[in-house]
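I have placed the structure first, in the form of structure tokens, so that the comments after it can refer back to it.
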Protein chains: 2
Amino acid sequence: MAILLRPASWGLFSWRGYCSRGTQGRLSAGFVEALKAVVGSPHVSTAAVVREQHGHDESMHRCQPPDAVVWPQNVEQVSRLAALCYGQGVPIIPFGTGTGLEGGVCAVQGGVCINLTRMDRILELNPEDFSVMVEPGVTRKALNTHLRDSGLWFPVDPGADASLCGMAATGASGTNSVRYGTMRDNVLNLEVVLPSGQRLHTAGPGRRFRKSAAGYNLTGLFVGSEGTLGLITAATLRLHPVPEATVAATCAFPTVQAAVDSTVHILQAAVPVARIEFLDEVMMDACNRHSKLNCCVAPTLFLEFHGSEQALAEQVQRTEEIIRHNGGSHFSWAKEAEERSRLWAARHNAWYASLALRPGCKGYSTDVCVPISRLPEILVQTKEDLEAWRLTGSASPLRARGPGWDGARATALSSGPPGTIVGHVGDGNFHCILLVDPEDPEELLRVQAFAEQLGRRALALHGTCTGEHGIGLGKRQLLPEEVGAVGMETMRQIKATLDPQGLMNPGKVL
Amino acid sequence: MAILLRPASWGLFSWRGYCSRGTQGRLSAGFVEALKAVVGSPHVSTAAVVREQHGHDESMHRCQPPDAVVWPQNVEQVSRLAALCYGQGVPIIPFGTGTGLEGGVCAVQGGVCINLTRMDRILELNPEDFSVMVEPGVTRKALNTHLRDSGLWFPVDPGADASLCGMAATGASGTNSVRYGTMRDNVLNLEVVLPSGQRLHTAGPGRRFRKSAAGYNLTGLFVGSEGTLGLITAATLRLHPVPEATVAATCAFPTVQAAVDSTVHILQAAVPVARIEFLDEVMMDACNRHSKLNCCVAPTLFLEFHGSEQALAEQVQRTEEIIRHNGGSHFSWAKEAEERSRLWAARHNAWYASLALRPGCKGYSTDVCVPISRLPEILVQTKEDLEAWRLTGSASPLRARGPGWDGARATALSSGPPGTIVGHVGDGNFHCILLVDPEDPEELLRVQAFAEQLGRRALALHGTCTGEHGIGLGKRQLLPEEVGAVGMETMRQIKATLDPQGLMNPGKVL
């Protein structure tokens with residue numbers, strides 16, 4: 001049962017060789033048999049197509065398939081798998097829905113991908129305590145469907161229908177976090193299989209209290225650890241009462257500054273806004289086209305309010321006053337559930353709307369988050385950079401290409417803008433969705449340089465390079481600049497303590 | 001520069017020998033000179049009275065003085081002190097306001113107490129970003145006084161005017177946490193001097209974003225670490241807008257169950273109540289006497305609502321409906337600031353009001369927190385235990401005593417009840433304040449047994465032995481039962497990694 005470790009050889013922003021370098025499973029036949037003995041033969045695969053499916057997420061990071069994929073059906077199997085792999089020096093890569101955006105599931109050193117989606121039970125719902133415990137295959141939409149008649153919901157919403165344990169692993173957040181917090185605020189307890197196979201309950205077995213001061217906050221340590229410290233096999237989550245009423249609206253602004261100023265003033269006025277999302281005019285144009293909206297092509301806020309009818313009326317009135325004061329347009333309302341769904345579907349489809357602006361392109365999403373007072377300057381600078389790039393980028397179709405050069409496609413690529421902006425401005429977090437020609441290595445390098453420059457700009461403004469997508473593969477070069485040498489050393493010490501062989505999702509974060 | 005390490009010899013719930021075993025400083029003269037070289041002679045003391053002042057907090061834990069007390073004036077000095085002590089194997093005990101309740105500052109192995117109160121600057125206020133950075137000597141009241149004209153405040157309120165960094169170290173919370181969260185939710189960044197003297201910024205130097213997914217959540221790890229991993233030398237905190245209007249009220253209930261049911265229903269109705277505090281009838285009687293209130297002697301809720309005038313009216317109306325439905329009395333209002341202050345002063349003085357019920361006694365506060373659905377049963381059981389104890393405890397004055405036996409005092413002690421109950425019921429957290437004769441070793445043992453039994457009862461109900469006071473010295477025996485063997489092992493590994501010599505506030509937590 002020996003395994004040949006593959007050297008770390010991954011690249012950012014490269015589709016050359018995307019899933020094309022055949023990854024012959026490098027696990028011995030004996031080791032694969034041992035995996036099958038744990039989970040049963042039908043739940044192990046070494047087929048190339050399956051491995052390739054598990055070698056990438058939704059990001060631009062190159063596919064790097066694991067050597068085998070296994071589907072455990074319970075936590076005991078996960079424990080045995082971890083112990084088996086760890087005992088043989090085989091890397092372990094936890095896999096949920098594969099909807100991450102920083103290459104967190106790429107098997108950069110090969111190894112065994114543990115797909116947790118067949119553990120998909122809702123283990124325990126305690127409505128009176130506002131808590132639920134779920135297995136790692138339960139997605140946020142599945143949970144909210146299950147909760148439909150309980151009067152409760154789980155509000156953290158990153159857009160994708162991600163698994164809740166995957167969201168915990170990433171430290172996800174999204175559109176509702178300005179009011180309801182991120183995963184860091186909404187995880188009460190985690191069951192984690194450590195590399196040794198031991199089962200850790202971060203807040204203690206079966207615990208589901210709202211607060212505690214008992215020892216080190218292990219729950220906080222594992223939320224956002226991106227699978228590098230252990231496998232999350234269950235999460236106890238904090239639920240919230242379904243609001244009595246909900247209204248959503250859009251509002252256009254003359255400038256980015258006016259939209260962000262409105263956001264700050266709304267927060268200062270303690271209006272408990274549930275969602276406050278910024279879309280720049282390029283993004284609005286894309287959403288209009290893609291989602292058949294009819295919005296003004298201008299910097300825009302998408303807002304949502306939760307509360308009683310009476311509370312909503314007051315929240316809306318205060319918000320309208322603030323927005324009027326900042327030169328915003330009248331609200332365009334979406335009061336009915338269907339209309340609201342359409343609006344938020346458009347917001348959640350921002351990614352695809354952006355891609356449609358430049359057919360044939362791939363997308364890369366930046367994820368900086370800054371103190372809210374610094375948002376206007378970084379947004380304005382970023383838009384200037386995008387515009388400069390768009391102008392210089394128009395030379396692209398003139399570039400000579402080798403065999404297979406498709407002039408019509410190249411023209412299409414050059415005519416679109418290279419990026420849109422959308423963000424959770426209430427948190428100071430925004431995404432620049434960069435639209436890149438995957439066949440153009442120069443452009444790929446430029447995306448990388450752009451993303452790094454934007455990350456460094458956020459760092460210079462007391463911000464972070466990642467508000468919610470995680471470090472994964474793509475931002476490892478920025479993490480030391482963000483947390484400093486002592487921060488890196490402390491994180492490395494923790495990693496080395498909990499994963500001494502460095503086999504848990506290797507190559508990520510640190 | 002050698003130090004003799006004192007053997008670990010501390011006792012819980014014992015005033016015998018309280019500060020009476022002379023603690024001769026065991027630091028060499030050379031080492032004391034080295035301390036003086038760092039902070040200046042006037043900022044070092046080895047006087048017995050000073051050391052004894054620093055050897056205990058507000059709890060019943062026996063005074064265990066350090067060998068020296070130093071007052072650094074800046075973080076560079078803290079770094080040099082830490083490196084000096086660590087290099088010589090001398091224990092380090094961080095000290096703030098000494099208002100803890102679990103013996104967190106007791107120098108159980110001697111060593112150097114680092115009193116951080118002379119570092120008391122508010123370093124940076126960023127109102128637009130809702131953040132402030134404070135040194136460890138800044139207390140919560142000092143901060144809120146400083147913020148008075150900013151439209152912002154810091155809501156975490158454990159009652160005592162504790163230092164904010166001390167509150168971070170303990171993972172404190174208090175009356176406002178049902179709405180605004182605990183210290184875990186309101187610390188954005190910490191500057192920590194590690195045992196080596198290195199300076200760590202848990203979220204990176206100068207960072208003050210609202211959210212991040214960058215690497216391991218070191219901020220979360222250090223909040224609640226009780227000085228066992230490093231010295232907190234600055235905290236960046238999240239501020240909140242001052243509510244436009246505030247009203248407070250009290251409401252009496254026929255039973256504990258009715259009061260707790262009301263709490264659950266208020267939370268389920270998504271009423272954003274700012275404070276919801278439970279006081280049992282014994283506690284109410286004590287508050288009436290001590291704070292000259294005129295409240296009904298019954299299980300009671302103290303409530304506070306924050307919002308606009310209009311929002312308040314609605315919150316109050318909904319709450320009144322719920323309370324009426326559960327058999328509660330009409331609200332007794334405290335709308336004016338002065339009246340409100342009087343009400344909350346009475347709540348905050350619950351400790352002293354309890355002590356006054358049984359003159360000559362000491363108090364010990366339990367701190368369990370359970371899922372809110374389990375509150376009624378644990379409260380009712382606890383009240384039954386208290387009553388049983390009160391009845392059997394009446395035998396106390398008949399016990400023969402040695403010389404100095406004060407019959408009158410003994411009668412006073414026996415006539416009072418042994419405990420009151422007060423709690424942050426919105427979080428499932430309550431305190432039983434036990435009133436104990438400090439001269440009665442049997443009663444001391446009984447307090448210890450009662451507290452342990454209550455802790456275990458909370459654990460059996462999926463709760464925690466400490467919602468907000470921390471583990472300190474007093475709950476170390478319960479922590480393994482709460483977090484399990486793997487949890488303890490993980491915490492011990494982290495402690496060993498960050499404090500390999502075990503010199504940071506030794507004997508606490510683990």
Side-chain angles (χ1 to χ4, degrees), chain A residues 126 128-129 170-171 173 182 185 198-201 204-218 220-221 223-225 241 243 264 268 270 308 310-311 314 369-373 427-428 462-471 479 482-484 486-487 490-491 493-494 497 509, chain B residues 126 128-129 170-171 173 182 185 198-201 204-218 220-221 223-225 241 243 264 268 270 308 310-311 314 369-373 427-428 462-471 479 482-484 486-487 490-491 493-494 497 509:
Chain A
N126 291 285
E128 277 206 324
D129 297 324
T170 312
S173 46
T182 70
D185 306 302
Q198 284 186 303
R199 256 194 278 175
L200 168 69
H201 296 87
R207 318 245 155 259
R208 50 186 170 82
F209 36 68
R210 271 171 75 111
K211 68 176 195 186
S212 169
Y216 304 147
N217 181 0
L218 299 179
L221 182 62
V223 172
S225 61
V264 173
Q268 282 173 337
S308 66
Q310 196 178 324
E314 194 192 14
C369 179
V370 294
I372 197 166
S373 66
D427 296 325
H462 309 288
T464 172
C465 66
T466 175
E468 56 185 20
H469 294 171
I471 294 292
L479 187 62
E482 177 160 338
V483 301
V486 181
T490 306
M491 290 184 192
Q493 287 175 334
I494 290 170
T497 297
V509 184
Chain B
N126 292 285
E128 276 206 326
D129 298 323
T170 312
S173 46
T182 70
D185 305 302
Q198 283 186 303
R199 254 193 282 177
L200 168 69
H201 296 87
R207 316 247 154 258
R208 52 187 170 83
F209 36 70
R210 271 171 76 111
K211 69 176 195 185
S212 169
Y216 305 146
N217 181 1
L218 300 180
L221 182 62
V223 172
S225 61
V264 173
Q268 281 174 337
S308 66
Q310 197 178 324
E314 195 192 14
C369 180
V370 295
I372 196 165
S373 67
D427 296 325
H462 309 289
T464 171
C465 66
T466 175
E468 55 185 23
H469 295 171
I471 294 291
L479 187 62
E482 176 159 339
V483 301
V486 181
T490 306
M491 291 186 192
Q493 287 175 333
I494 290 171
T497 297
V509 183

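So you know, we letter chains A, B, ... as the sequences are listed, proteins then strands, and number each from 1. Heavy atoms only: backbone and side chains are in, while hydrogens, waters and symmetry mates are out.
With hydrogens and angles disregarded, no donor-acceptor distance shorter than 3.5 Å links the side chain of B/R210 to the backbone of A/G428. For the pair B/R207 (side chain) and A/T464 (backbone), a donor-acceptor distance under 3.5 Å is absent.
Across all their heavy atoms, A/P205 and B/G484 have their closest contact at CD-N, 4.3 Å. In terms of heavy atoms, A/H462 sits closest to B/G206 at ND1-O, 3.0 Å. Residues A/A213 and B/G171 share a closest heavy-atom pair of CB-O, 4.1 Å. A pairwise comparison of heavy atoms in B/F209 and A/G463 identifies CD2-C, 3.3 Å as the closest pair.
Residue A/T497 touches chain B through both its backbone and its side chain, counting heavy-atom pairs closer than 4.5 Å. Residue B/L200 touches chain A through both its backbone and its side chain, counting heavy-atom pairs closer than 4.5 Å. Contact annotation for A/I372: both backbone and side-chain heavy atoms come within less than 4.5 Å of a heavy atom of chain B. Interface residue B/I471: backbone and side-chain heavy atoms are both found under 4.5 Å from chain A. Both the backbone and the side chain of B/S212 have a heavy atom closer than 4.5 Å to some heavy atom of chain A.
Ranked by heavy-atom pairs under 4.5 Å with chain B, the first of A/P371, A/G487, A/C465 is A/P371. Note: A/E314 leads A/H469, A/E468, A/E314 in heavy-atom pairs under 4.5 Å with chain B. Ranked by heavy-atom pairs under 4.5 Å with chain B, the list A/R199, A/H201, A/Q268 is led by A/Q268. With chain A as the partner, the residue from B/D129, B/V370, B/L479 showing the most heavy-atom pairs under 4.5 Å is B/D129. Counting heavy-atom pairs closer than 4.5 Å to chain B, the top residue among A/Q198, A/E482, A/E128 is A/E482. Note on B/C369, B/A270, B/A214, B/G224: by heavy-atom pairs under 4.5 Å with chain A, the leading option is B/A214. The candidate from A/V483, A/T170, A/T466, A/V264 with the greatest count of non-hydrogen atom pairs under 4.5 Å with chain B is A/T466. Interface check for chain A: of the options B/T490, B/N126, B/V509, B/V223, the most heavy-atom pairs under 4.5 Å are formed by B/T490. Most heavy-atom pairs under 4.5 Å with chain B: of the set A/P243, A/G220, A/S308, A/S173, this distinction falls to A/S308.
Rounded to the nearest 0.5 Å, atoms CD1 (A/I494) and CG (B/L221) are 5.0 Å apart.
With contacts defined as side-chain heavy-atom distances shorter than 4.5 Å, the pair A/M491/B/L218 qualifies. Residues A/D185 and B/D185 have side chains in contact (heavy-atom distance under 4.5 Å, counting atoms from C-beta outward).
Under 3.5 Å, the side chains of B/K211 and A/T182 contain no donor-acceptor pair of N or O atoms.
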